[in-house]
Structure formats: structure tokens, C-alpha cells
Amino acid sequence: MAQCCIAVFILLLFTRFWLISTLYAAWWAFDWDTPSKGGRHSHWMRNLVIWRYMKDYFPISLVKTADLDPSKNYIFGFHPHGVVLIGGTINFSTEATGFSKHFPGLKPHPMMLNVLFRFPFFRDYVMSLGLIPSDKESISYVLRKKEGGNIIVIVVGGAKEALDARPGAYTLVLENRKGFVRLAIENGTPLVPVFSFGENELYDQVENPKGSWVRWTQERLQKIMGFSLPLFYARGIFQYTFGFIPYRKPIFTVVGNPIQLVKKHNPSQDEVDELHKRYQEALCKLFEEHKLKYNVPEDTHLSFV
């Protein structure tokens, strides 16, 4: 969509509708900093009926395990990334699963690559769904709002984790991802582990073991572009043999209990490591408590890299 939007913006300049792109360019310059200042939610966009159809296809459910205080801000650590983050998008970027009913008074802000907010038209679309850039400044701006009521949703494993997203995979990229933990301490923001059961079941991937030429190419492209290119496949429209439509597998996104912490402007590395360990333990506990309900084998456990 981002590439299509920039193509439309450029093509309009060479037609009798050139004024649309010209006026948008002026608006774009005026509105340049909005993504990094909390974005711009659209109740209408988040409640479009198409999101409910998408939710029902799998289906997707949002599961709450604890009430959250709307006078506070929170950081949700979302796991796993999956191939295209379908559960995370439907649960936190739309109202299809009733986010506002589950967590009244709280506004979710999922994170997205900074570069995607530099595409005309597309930036306004993703902001309307509540997304903001995935950088420290944008996160801090939201978390410093004293009135509370904001949630930063960080897909901790990111693009790297997408390369291992396939049915039955429960290895998370988390061992050395500690930036979100430091931000939580600096802003005094409780951390909330979130695990999306079924997120990795929607697509198969071409075999890409570490050390293979496929994986080497994917990792090099990821470093250049900032996002990964998993070679995925699933089902077709009228057959189940091959295609790019995701399998119809249920997704249950379980939101855990908040991890309380003490605010400190310059936390030491030991303090960051200690909270990171607590977060890993809380995530494992959340997974173990719910895995049998969502058809995960009893002998399956999370592992971190």
C-alpha cells in the first residue's frame, strides 16, 4: 500500500488532478511532526465493518486477564511477530475485537517503521488506526502524558522474528531486546506481556535455516530496508494447495498482568537486566497458563534468542 500511495501521488502531478497532490504536499509539510506526537486516531476508521469481516475469517479473539487503570500509561510487549502481524493489527489497530470494551479509557498506539510515515496518503491511513513511529522520541512523547490512558504496543521480536514464523514455532527474539525495558523504567510505565496464540499458524515458509543462502539474503535485505521479506505461502481462494491467503486458524491474543516498577531517570544496566528477566518470567508464565486452552502441546515451552 505504501508504494502504491507514493505512485498515485506522483502520477497525479502529471494529470488534470495535479492540484490534489499539490495541496496534499502543503498539508504534508504542515503535518510533518504529527506521527511523532501521538498520531491521530480515527474512531470511524477503527470501526469499519471490513475489520469485523477480517476478524471473523480466522477468527480472532482478544483475551483480558487483568483490569488496567486508565489513569496510567502502559507498554504492551507483543509476541510473536508472525509473518504479517494479523492478530496484533486487528486487536490493537481496530475495534473489531472490542478493545475499548475490554480496556475502557485506554488508547492503543501500535508501533510501525519510521520510514513508512514518510509515504504520502499512507501515513494518514496508518495514523488513523492509531499507529506511531517506532523510535524513542515518539514513544516517550506518549508515555509522558500525565493524564495517562495510553498504551504503547511494541512487537519486540520485530522483522527478525518474522523470518522464523511458521506453524509450531515458539522461539522468540527477546534475549537481547532491552530497549523497551529501559524506556519503561525511565518513564515509570508498567510492562504488560502479551502472547498471541495462533499468530505463527497462518502461513508456511520456505525453509531458511541459519547459514543457508536464503537466510543470508533475507538478513542482508532486512539490514538495508529495515523490514524482512519472509518467503511465505498458504492457501488459495478456491483451493488449499497453494496461495497467499492465510489459513483459517483461530488467534487468541492474551493480555497479561502489568509488571509494576520504580521510575528512574538513568537506570543502571543491572536494573534493566533485572526487569528484563522479570518480564521474560512473566511472559513464560502467561504462556504456560494458557497454552493448553489454545491447543499448544503440553511439552511445548517458549525459548528466547
Side-chain angles (χ1 to χ4, degrees), residues 1-2 5 34-35 37-113 116-117 121-134 138-139 141-143 145 147-155 189-190 192-199 202 245-246 248-258 286 290 294:
M1 285 184 65
C5 285
T34 298
K37 293 184 177 179
R40 186 167 47 238
H41 275 70
S42 168
H43 179 77
W44 176 80
M45 183 66 78
R46 288 175 55 86
N47 280 277
L48 286 178
V49 68
I50 191 173
W51 306 128
R52 294 199 293 275
Y53 290 141
M54 186 174 173
K55 180 262 294 183
D56 291 339
Y57 171 81
F58 295 96
I60 300 172
S61 302
L62 180 62
V63 181
K64 182 178 77 170
T65 62
D67 291 326
L68 299 181
D69 185 352
S71 67
K72 295 181 179 180
N73 296 316
Y74 297 90
I75 293 178
F76 279 16
F78 184 93
H79 312 268
H81 183 285
V83 171
V84 290
L85 195 66
I86 291 176
T89 298
I90 290 298
N91 281 304
F92 302 119
S93 295
T94 81
E95 289 292 334
T97 55
F99 179 88
S100 295
K101 293 179 181 178
H102 284 87
F103 301 103
L106 290 163
K107 183 187 296 184
H109 297 271
M111 313 297 293
M112 179 176 270
L113 286 174
L116 295 176
F117 288 89
F121 305 125
F122 183 75
R123 68 188 291 275
D124 298 279
Y125 163 67
V126 294
M127 276 198 294
S128 71
L129 297 176
L131 282 82
I132 62 174
S134 55
S138 300
I139 296 173
Y141 182 90
V142 173
L143 296 182
K145 292 185 177 182
E147 67 274 18
N150 294 285
I151 297 172
I152 294 294
V153 183
I154 300 178
V155 185
T189 309
V192 180
V194 179
F195 195 88
S196 194
F197 292 89
E199 195 77 39
L202 308 182
I245 297 175
R248 295 192 71 175
K249 300 290 183 68
I251 300 174
F252 299 92
T253 302
V254 184
V255 180
N257 291 292
L286 181 71
H290 295 274
Y294 304 126

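Every value quoted in this text rests on a predicted model; they were computed, and no experiment measured them. The figures here come from the full heavy-atom set of this structure, side chains too, leaving out hydrogens, waters and symmetry mates.
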Original post:
Is the centre of the F252 ring less than 6.0 Å from the centre of the F197 ring?
Top reply: no
Subject >> Sequence neighbours excluded - salt bridge (Lys or Arg N to Asp or Glu O under 4.0 Å) pairs with any residue from residues 50-66 >> reply: K64-D67
Original post:
CD1 of I151 to CZ of F76: how many Å apart, nearest 0.5 Å?
Top reply: 3.5 Å
**OP:** Over all heavy atoms of both residues, which pair between P80 and E199 is shortest? Give the atoms and the distance, please.
**Re:** O-CG, 3.7 Å
**OP:** Flag this pair as yes if the NZ/CZ of R248 is under 6.0 angstrom from the six-membered ring centre of Y57 and inside a 45 degree cone about the axis; otherwise no.
**Re:** yes
Subject >> Smallest separation among heavy atoms of V126 and R123, with atom names >> reply: CG2-O, 3.3 Å
Subject >> CA sep, side-chain torsions, deciding dist, call: M111, I152, side-chain contact (heavy atoms from CB on, under 4.5 Å) >> reply: CA-CA 7 Å; M111 313 297 293; I152 294 294; 3.6 Å; yes
**OP:** Evaluate whether atom NZ of K145 has more than 12 neighbouring non-hydrogen atoms of other residues, nucleotides or ligands under 6.0 angstrom away.
**Re:** yes
**OP:** Kindly determine whether T89 and W51 satisfy side-chain contact (heavy atoms from CB on, under 4.5 Å), including the steps that lead there.
**Re:** CA-CA 10 Å; T89 298; W51 306 128; 5.7 Å; no
Original post:
Do any N or O atoms from the side chain of R46 and from the backbone of F92 form a donor-acceptor pair under 3.5 angstrom?
Top reply: yes
Original post:
Given M54, which of L48, V49, I86, I60 fulfils the side chain to side chain contact (heavy atoms under 4.5 Å, CB included) condition?
Top reply: I86
Subject >> Check against side-chain contact (heavy atoms from CB on, under 4.5 Å), V142 and I132 >> reply: CA-CA 10 Å; V142 173; I132 62 174; 3.9 Å; yes
Subject >> Point-to-point distance, once rounded to the nearest 0.5 Å, from OG of S138 to NE2 of H109 >> reply: 11.0 Å
Subject >> Close side-chain approach of L131 to S93, heavy-atom, < 4.5 Å >> reply: yes
Original post:
Where is the tightest heavy-atom contact between F99 and N91, given as atom of each residue plus distance?
Top reply: CB-O, 3.7 Å
Original post:
Rounded to the nearest 0.5 Å, how far apart are NE2 of H41 and NZ of K107?
Top reply: 5.5 Å
Original post:
For L143 and N73, which heavy atoms make the closest approach, and how far apart are they?
Top reply: O-ND2, 3.0 Å
Subject >> Separation between CG of L85 and CG of L202, rounded to the nearest 0.5 Å >> reply: 10.5 Å
**OP:** Grab the two heavy atoms, one from P70 and one from L106, that are nearest each other, plus how far apart they are.
**Re:** CA-CD2, 3.9 Å
Original post:
Is there a donor in the side chain of S196 and an acceptor in the side chain of T253, or the other way round, less than 3.5 Å apart?
Top reply: yes
Subject >> Stepwise side-chain contact (heavy atoms from CB on, under 4.5 Å) test for V63 and V255 >> reply: CA-CA 6 Å; V63 181; V255 180; over 6 Å; no
Original post:
Hey, what do you get for CG (L62) to NE2 (H102), rounding to the nearest 0.5 Å?
Top reply: 5.0 Å
**OP:** Indicate the ring-plane relationship of F122 and Y125, choosing parallel, tilted or perpendicular according to the 30° and 60° boundaries.
**Re:** tilted
Subject >> Closest non-hydrogen atom pair, P108 against V153 >> reply: CB-CG2, 4.4 Å
Subject >> D124 side, atom CG; T34 side, atom OG1 - distance, nearest 0.5 Å >> reply: 9.0 Å
